[in-house]
Structures are given as C-alpha cells and as structure tokens.
Enquirer: 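Take a look at this one; I'll ask things after.
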Amino acid sequence: MSPTEPEGIRRQSTTRRRRTVRLRTLLIWLAVVPTLAMGTQVTVSAQRLLAQSDKLRSDVAAAEQVGAPLYTLMVDMQAERTATAARWAGKDGADGELRARRDATDLAAAEFRRLAVDPSRSFAEVTRQLEKLTGHRQRADLRSGAADSTLAYYSEVIGKVIQVYQQEFSHAEDAELAQASRPVVSMLQATEMVAREDTVLALAGPSGELTFAGYDQFVSALGAQRYLHEALIVPHLTARDQRYYDRVVGSSDWQTKTRIESAVLSGHKDIPSGIKLPADINGWSSAHSNFSVQMTTLNIDLARSVLARGEAKADELQTEVAWLIGGSAGGLLAVVIVVVLTTRSVLRRLKNLHERTVTVAEETLPEVVARLRRGQTVDPDALPAVSGDRDEVGRISDAFARAVAVSVDGHRELAAERHGFGLFASGIASRTGNLVSRQLSLTEELQDTFGHDEALLAELMRADQLTVGMRRQIENLLILAGGEVPDPHTEPMRVADLLREAAAEVEDFRRIERQALDETSVEPSAISQISHLLAELLDNATRFSPPKSKVVIRAELVTDGLSVEIEDRGPRVSPERYEEMNGRLHEAPPYSVLAQNAHRLGLFVVGHLADQLRATVTLRRSVYGGTSAVVILPRQLLVTTDPQAPREIEPQPRVLELLPAPAPAPVASPASEPEHEPAVAPAPEPEPVVHTSAGLPSRRTKTPAPAAAAVPVPVTALVPALAVRPALPERVPQTHIAEQLREPRAQEAVVRPDTATPEEVADAWADYEQGTQTVEEELRRDQP
C-alpha cells in the first residue's frame with residue numbers, strides 16, 4: 001500500500017526536444033525553395049528589362065518631343081552669341097542681325113518651355129538659365145562690363161543644353177546604345193567648339209584684333225574640336241555616317257575653315273593691345289555658314305539613328321521578357337511535375353515501409369517475443385527478410401529486417417536464460433520451502449509440548465514468526481520465478497477465515513481490524529494465492545503507517561465479484577507516484593527491473609498474483625490521507641455459503657494466531673481489469689478451522705492434513721481452555737521499527753541494557769532526522 005519512498009520533488013528535465021520536420025515537408029521545401037528563388041530571379045530580371053525598355057521608350061519619346069526644340073535652341077543661342085560679339089565689335093549691320101537672332105532664340109526658348117514640363121527630367125536647369133537671358137541682353141546693348149562675361153553666359157547656357165543631351169539621351173545602362181549615342185554628344189560638343197571660334201573671330205571685328213584672353217579661347221576651342229573629331233567622333237561613326245562625314249570635311253568650306261584656323265595660329269601678330277589676326281580670315285563667315293548646316297544635318301541623322309536603335313532595343317527587351325517569362329514558367333512547371341511525382345513515389349514507398357514496420361513492431365514482434373517467453377518455436381517466414389535492394393528505402397528496409405533479426409535472437413537467448421533461471425529458482429524455492437514446512441511442523445510440536453512454559457513458548461513463537469517470514473519470502477521467489485504457490489486446501493474457505501489467515505501472516509497482526517460484510521467462500525484452488533496477496537498488502541500497510549493506528553481490511557460482494565479493501569493511515573503519496581505504481585503491475589517486469597527494485601519485491605509479487613487470479617489491484621489515496629488498496633476478485637473464484645451456518649466469533653482479547661516474519665518492502669498494487677462472469681453455483685461447506693492440541697487455531701500448512709483431523713472447536717469450548725491455561729505472551733507493538741527508535745514499555749519488568757555503539761546511535765539519530773524532515777516537507781506541500 002504506502003510505498004517506501006514518500007512523495008518528493010521530481011527533477012524535471014531541462015533538455016528541450018528538437019522539433020523534427022516531416023519528410024514530406026522537406027521534399028516540398030526542396031522543390032519550393034528553388035522554385036521561389038528561380039521565380040524571384042525571373043521576376044527581378046523581367047522587371048529590370050521592362051524598366052529598361054520603358055526608359056528607352058521614354059527617352060525616345062522625350063528626344064522626339066524635346067530633343068529637336070532643344071537642339072534648335074542651342075543653334076539659335078550660338079548664332080545670337082556670335083551676333084552679340086559682332087555688334088560689340090562694331091561690325092556694320094550687326095544690329096539687324098542681332099535682332100533676328102534674338103527673335104529666333106525667343107521662339108526656340110518658348111517652344112522648349114512648352115514641351116519641357118517633365119519634372120523628373122533635367123530640363124529645369126536650362127529653364128532657369130534662360131530666365132537670365134533678358135538681363136544679359138540689356139548689358140550687351142549697354143555694353144556694360146566686359147564682352148567676355150556676356151559671351152560666357154551664352155556659352156554656359158549652351159553647355160547646359162549639351163549636358164541635358166548627355167544625361168538624358170546617352171543610354172548609359174545599355175552598352176550598345178551608349179556606344180551609338182557617344183558620337184551624337186561628341187558632335188554637339190565639337191559644333192559648340194567651332195561656334196566658339198566663330199564668336200571669337202566675330203569679336204575681333206573689322207580691326208581684326210583680339211585680346212590675349214580671346215586668342216586663348218580661340219586656341220582652346222580649336223584644340224578641343226580637333227580632338228573631338230579625331231578621337232570621339234570619327235572612330236565611332238558607322239560606315240554610312242563616315243561617308244557623309246568625309247564629304248563634309250572634304251568640302252571647300254571645311255577646307256577654308258581649316259586654312260583660316262591654321263593662319264590664325266601661325267600668321268597672327270602680337271601687338272601691345274593683344275593679337276593681330278591675319279587678313280585672310282574674312283572668308284570665315286561664309287564658310288562657317290555652309291559647313292555648319294552640313295554638320296547640323298549630320299547631327300540630326302546621328303540622333304535619329306540613335307532613336308531608332310533605342311526603339312528597336314525596347315522592342316527587343318520586351319520580346320526577351322516574354323521569352324524569359326514563358327521559358328521560366330515552363331521550366332518551373334516541369335520542376336513542379338518532377339518534384340510532385342518524385343515526392344509521391346518516395347512517400348508511397350516510405351508509407352509502405354512504415355506500415356510494414358508498424359505491423360512488425362506492434363503485431364509480429366510482440367507475438368514472437370510472447371511465443372519465445374512461452375518456450376514455443378518461431379516461424380522464420382513471419383519475420384521480415386533482407387531483400388538486397390540498393391536504393392535508400394530498400395537499404396532502410398533491410399536494416400530494419402536485420403535489426404528485427406538481432407532483436408529476436410536476443411529475446412530468444414533472454415527467454416532461454418530466463419526460463420533456465422526460473423527453473424533453477426523454482427527448484428531452490430521448492431527445496432527450501434520443504435525445509436521451512438518441516439521447521440514449522442517442528443515448531444508447532446514444540447509449542448504443543450512445552451506450551452506450559454511461558455518463556456519458552458514466547459521464544460518458540462518468535463522463532464515461528466521468523467520461519468513464517470522465511471516461508472513467505474520463499475513463496476515470493478517462487479512466484480517471481482514463474483511458479484505457483486502450493487495450495488493444500490481441498491475445501492472452500494469462508495471470506496472471514498481467509499481474512500484471518502492473511503492477517504496471521506503479518507507480524508503486527510493485532511493492529512489489523514477485519515470486517516467480512518458478506519457470507520461467501522473462496523474456491524480452494526485460489527485460497528493460498530489470495531491469502532498471500534492480501535498478506536503482502538497488509539504487511540505493507542502495517543509497516544508504513546503509525547504504530548498505534550489501525551489497518552482496516554473489509555470484504556463485501558460487489559457487481560464484479562468480491563471487493564477487499566485495505567486502508568491504512570500512512571504518509572501521503574503523489575498522484576503521479578500512484579499512477580507509476582499501478583502501471584508497473586500490468587505486466588511481469590524483466591529481471592533488470594527486479595534487480596533495481598530488490599527492496600520492493602512485494603509490489604511485483606502482488607502484480608504476479610493478481611495476474612494469475614485475473615484480479616485487479618488499485619492503489620489510491622484514502623480519506624484519512626493514507627493509502628487504500630482495493631482488490632477485486634472475479635466471481636469465478638467465489639462459491640456461495642449457507643447463510644444459516646454459524647459464524648465464528650472472534651474472542652476478545654485476541655489470541656496469537658500466526659506470527660509471520662516481516663515483509664521485505666512496501667507493496668504497490670497493479671491495475672488489471674476483472675472479468676465479468678456469473679457467480680459459481682453453491683459448493684460444499686467451507687473448510688473448518690483447525691486447532692492445535694493446546695487449543696490455538698492452527699496456521700495453514702503446505703501438506704494437507706487428513707480430513708479426520710479437521711475437527712472444528714466451538715467457541716464455547718475455546719473460552720474455558722483459555723481460562724485454565726496461563727495467559728500467552730502478546731507481541732509488543734512497534735517491534736517492526738528500528739531498534740534505536742523503540743521506547744521502553746512500562747509493563748516490562750526487566751529493561752535490557754543498551755549495547756548500541758556510538759556509531760549506531762549516530763546512524764539512528766540521522767535516520768530519525770531524515771524521516772522527520774520528509775514528513776514536514778510532505779505536510780508543507782499538502783497545505784493550500
């Protein structure tokens with residue numbers, strides 16, 4: 001009933017189990033992750049190509065819409081700058097030319113402002129510079145300040161226009177278009193350098209004189225335009241554009257331009273105010289007017305060629321996006337189909353392997369193990385065989401088959417060893433039991449012979465107690481070894497007598513209160529087993545309950561059979577501990593478990609006996625805080641008793657019935673379901689109680705007594721016998737506890753001296769303190 005170890009604080013495992021992922025999920029992720037990665041890459045690539053295509057179309061649209069007015073504005077600003085320089089130099093007719101150029105610039109500026117409304121473009125800088133045009137014109141008209149500062153404004157505006165072309169229409173994100181647009185921007189820059197030469201020469205005026213700064217500007221512009229033509233324009237022209245360019249530079253006007261530039265460089269003269277230009281520069285204006293128109297045509301052709309390439313590139317990018325999406329979708333679909341088919345195939349094979357494994361683990365292997373335990377042979381065809389498949393699933397199946405074979409071999413060897421050890425233990429127990437039975441018979445004869453000597457009778461009874469305890473331990477060994485308790489009974493026994501016989505096996509039997517609530521008897525073949533089971537439970541109850549408390553055993557008929565309840569007032573036990581003890585009694589434990597619980601073998605003995613009797617034993621907490629063991633005996637073990645038969649009246653005070661030895665350990669109880677069967681038909685009268693010649697009720701013996709010797713003694717005959725014989729010595733309470741904790745009793749005439757050593761006293765005191773702390777801890781936990 002109450003276990004040897006009270007409820008304590010269990011150490012909780014801090015190791016967190018890693019969460020496992022199903023193989024189906026892994027296979028799906030194996031397909032999903034690359035698919036998502038590939039889809040993401042395709043999406044990003046498609047978006048990038050579409051964005052590039054949209055940018056190209058936007059640039060083409062902007063160039064067609066704004067490019068032409070912007071180029072016109074640049075040309076008109078260059079012409080106005082030259083006219084402004086000519087008027088500043090005092091050239092005849094410059095006023096009318098300047099007004100015409102200004103009108104053309106205003107028209108181009110108005111058209112540019114009307115079209116350049118996109119805030120995302122870089123047109124705003126040109127618009128801001130154009131707002132300063134009126135002020136610089138006024139300073140030019142008034143000739144306020146230096147001519148270089150006024151002319152520098154025009155150059156700055158034109159530079160902004162070229163910068164817009166370079167930023168908006170260079171297509172730096174596409175190498176092919178960038179290569180094609182490079183000559184366009186370089187041509188604009190070269191045209192600007194030639195226009196600056198024209199402005200410098202116009203600023204020389206009729207006198208043909210320049211300042212040193214003006215001459216430096218001419219030389220810088222000349223070097224820049226020649227570098228641009230030689231390094232950045234000619235090498236990047238197409239064959240068609242190269243032919244047109246050769247016609248322009250081979251014309252007489254271009255030759256005149258080249259000749260005048262060379263003359264300015266080599267034929268100028270230094271004068272105190274600056275530089276005197278040669279006289280043959282007068283042909284510059286007409287030549288510049290002619291070849292500038294040709295260069296403008298070349299610039300327009302180059303720009304249109306770039307725009308056409310941009311439009312074609314945009315269409316090509318859209319086509320590439322369509323192929324990319326279509327090809328990627330097809331590839332992803334193929335991947336999905338392959339993965340789905342592969343996953344289904346793998347999972348189907350694994351499912352079949354799992355079902356075969358579960359069948360072997362839950363049905364085949366337990367059946368094989370059970371047959372081996374019963375000593376039966378095993379059919380090799382019932383076990384999984386090694387197929388020799390080389391793939392992963394086949395190798396797993398073969399590994400499982402080999403593992404099952406090794407397990408079966410191990411169980412076969414273990415069953416053989418256990419069977420051999422059981423035979424060995426049964427033989428030892430049987431031989432020892434015969435000796436103990438002879439010892440008990442001898443003790444009874446000595447009690448009958450020397451019963452008049454109280455001192456000797458007391459010692460004989462103590463020896464009898466030890467012998468009975470030895471016999472019960474031998475029976476425990478026999479039960480755990482697979483044997484059965486020998487039963488000498490041939491007649492049914494009343495429940496009241498059965499409870500008395502079980503109580504007589506307990507050392508502290510005076511604390512046991514018996515209550516047989518119904519008149520019924522037990523089959524003779526099960527008497528010894530039931531008595532042994534109840535004796536183990538009663539011994540455990542008396543050992544682990546307060547010394548002065550009562551242990552109640554009551555029996556009554558219930559729906560499922562006979563209910564025997566044993567209730568003590570021992571220490572509290574946790575619900576988890578009850579569940580553990582009840583679960584341990586469901587099946588026979590292996591020898592390894594028995595070895596680890598050698599001090600608690602009574603728990604396993606009760607489980608074996610309950611299994612043999614098809615009874616159920618349940619441990620639970622009683623209403624008094626202790627433990628209640630409920631034993632349900634099936635109806636097929638019961639026989640009805642004549643209700644008119646006289647019941648035995650227990651004498652008060654009770655005499656010593658049987659003195660068994662102490663049990664080795666506390667007993668827990670199994671939980672097995674009883675079988676519901678109808679009650680057995682009435683049987684013969686229950687077996688009467690056998691008494692010794694001294695008038696004492698006799699304990700059960702292992703050899704059946706002759707029928708003639710079983711003479712019942714009436715209760716009235718027992719009382720005079722007790723009156724004429726001297727009082728028998730009674731067992732002293734608390735003799736089952738440690739020697740160091742026994743208190744001297746007042747009725748003892750002689751107090752034996754304490755022969756314990758100081759070390760033994762210290763050990764006893766340590767045991768006492770540990771027990772006290774355990775009880776206090778249990779009380780604290782039970783408090784709300």
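Side-chain atoms are counted along with the backbone in the values below, which use heavy atoms only and exclude waters and symmetry mates. One-based numbering along the sequence shown.
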Enquirer: Do you know the tightest heavy-atom contact between A535 and V506?
Expert: O-CG2, 3.9 Å

Enquirer: Kindly compute the distance separating CG (L637) from OG (S521), expressed to the nearest 0.5 Å.
Expert: 12.5 Å

Enquirer: List the residues meeting side chain to side chain contact (heavy atoms under 4.5 Å, CB included) with V552, not counting sequence neighbours, and say none if there are none.
Expert: E513, Q515, R554

Enquirer: For side-chain contact (heavy atoms from CB on, under 4.5 Å), just list the numbers for V436 and N434, CA-CA rounded to whole Å, side-chain angles, deciding distance to a tenth of an Å, and then say yes or no.
Expert: CA-CA 5 Å; V436 171; N434 292 333; over 6 Å; no

Enquirer: How far does CZ of R621 sit from CD of E567, to the nearest 0.5 angstrom?
Expert: 13.0 Å

Enquirer: With rounding to the nearest 0.5 angstrom, report the CG to CZ distance, D497 to R514.
Expert: 9.0 Å

Enquirer: State the CD-OG1 distance between E565 and T618, to the nearest 0.5 angstrom.
Expert: 10.5 Å

Enquirer: Within a strict 4.5 Å, meaning less than it, do heavy atoms of the P524 and E491 side chains meet?
Expert: no

Enquirer: Do M493 and E523 come close enough that some side-chain heavy atom pair is under 4.5 Å?
Expert: no

Enquirer: May I ask you to test the L440-R471 pair for a side-chain heavy-atom distance under 4.5 Å?
Expert: yes

Enquirer: Excluding sequence neighbours, so at least two apart, what forms side-chain hydrogen bond (donor to acceptor under 3.5 Å, both in side chains) with E445?
Expert: none

Enquirer: Indicate yes or no: at least one non-hydrogen side-chain atom of V551 is less than 4.5 angstrom from one of S545.
Expert: yes

Enquirer: With sequence neighbours excluded, what pairs up with L557 under the side chain to side chain contact (heavy atoms under 4.5 Å, CB included) test?
Expert: D518, T520, L562, L638

Enquirer: Could you please spell out the steps behind the side-chain contact (heavy atoms from CB on, under 4.5 Å) verdict for E507 and T542?
Expert: CA-CA 9 Å; E507 179 180 0; T542 56; over 6 Å; no

Enquirer: Restricting to side chain to side chain contact (heavy atoms under 4.5 Å, CB included), what partner residues turn up for D453, sequence neighbours left out?
Expert: A455, L456

Enquirer: Tell me the closest heavy-atom pair linking D508 and P547, and the distance in Å.
Expert: OD2-O, 4.5 Å

Enquirer: List the residues meeting side-chain hydrogen bond (donor to acceptor under 3.5 Å, both in side chains) with Q612, not counting sequence neighbours, and say none if there are none.
Expert: Q529

Enquirer: Mind listing the closest non-hydrogen atom pair of L534 and A502 along with its distance?
Expert: CB-CB, 3.7 Å

Enquirer: Measuring only between side-chain heavy atoms, which start at C-beta, is L533 closer than 4.5 Å to L537?
Expert: yes

Enquirer: Mind listing the closest non-hydrogen atom pair of V630 and S563 along with its distance?
Expert: CG1-OG, 4.0 Å

Enquirer: Could you walk me through whether H532 and V605 satisfy the side-chain contact (heavy atoms from CB on, under 4.5 Å) test, starting with their C-alpha distance in whole Å, then the side-chain angles of each, then the deciding distance to 0.1 Å, before giving a yes or no?
Expert: CA-CA 9 Å; H532 195 105; V605 172; 4.0 Å; yes

Enquirer: For L457 and Q447, what are the C-alpha separation, side-chain angles and deciding distance, and is it a side-chain contact (heavy atoms from CB on, under 4.5 Å)?
Expert: CA-CA 6 Å; L457 183 60; Q447 289 176 352; 3.9 Å; yes

Enquirer: Using modelled atom types and a 3.5 Å cut-off, is there a donor and acceptor pairing between side-chain atoms of R511 and backbone atoms of S549?
Expert: yes

Enquirer: Quick check for you: to the nearest 0.5 Å, what is the distance between E454 atom CD and E459 atom CD?
Expert: 12.5 Å

Enquirer: Nearest 0.5 Å, what's the CG-NZ distance between D568 and K550?
Expert: 14.0 Å

Enquirer: Is the backbone of Y578 close enough, under 3.5 Å, to the side chain of N582 for a donor and an acceptor to pair up by distance?
Expert: yes

Enquirer: For R438, check salt bridge (Lys or Arg N to Asp or Glu O under 4.0 Å) against everything at least two apart and list the hits.
Expert: none

Enquirer: With a 4.5 Å limit on heavy-atom distance, are the side chains of V573 and M581 in contact?
Expert: yes

Enquirer: Which atom pair, heavy atoms only, marks the closest approach of P571 to T627?
Expert: O-OG1, 4.5 Å

Enquirer: Indicate yes or no for a side-chain donor-acceptor contact from S441 to the backbone of S437 under 3.5 Å, with no hydrogens or angles considered.
Expert: yes

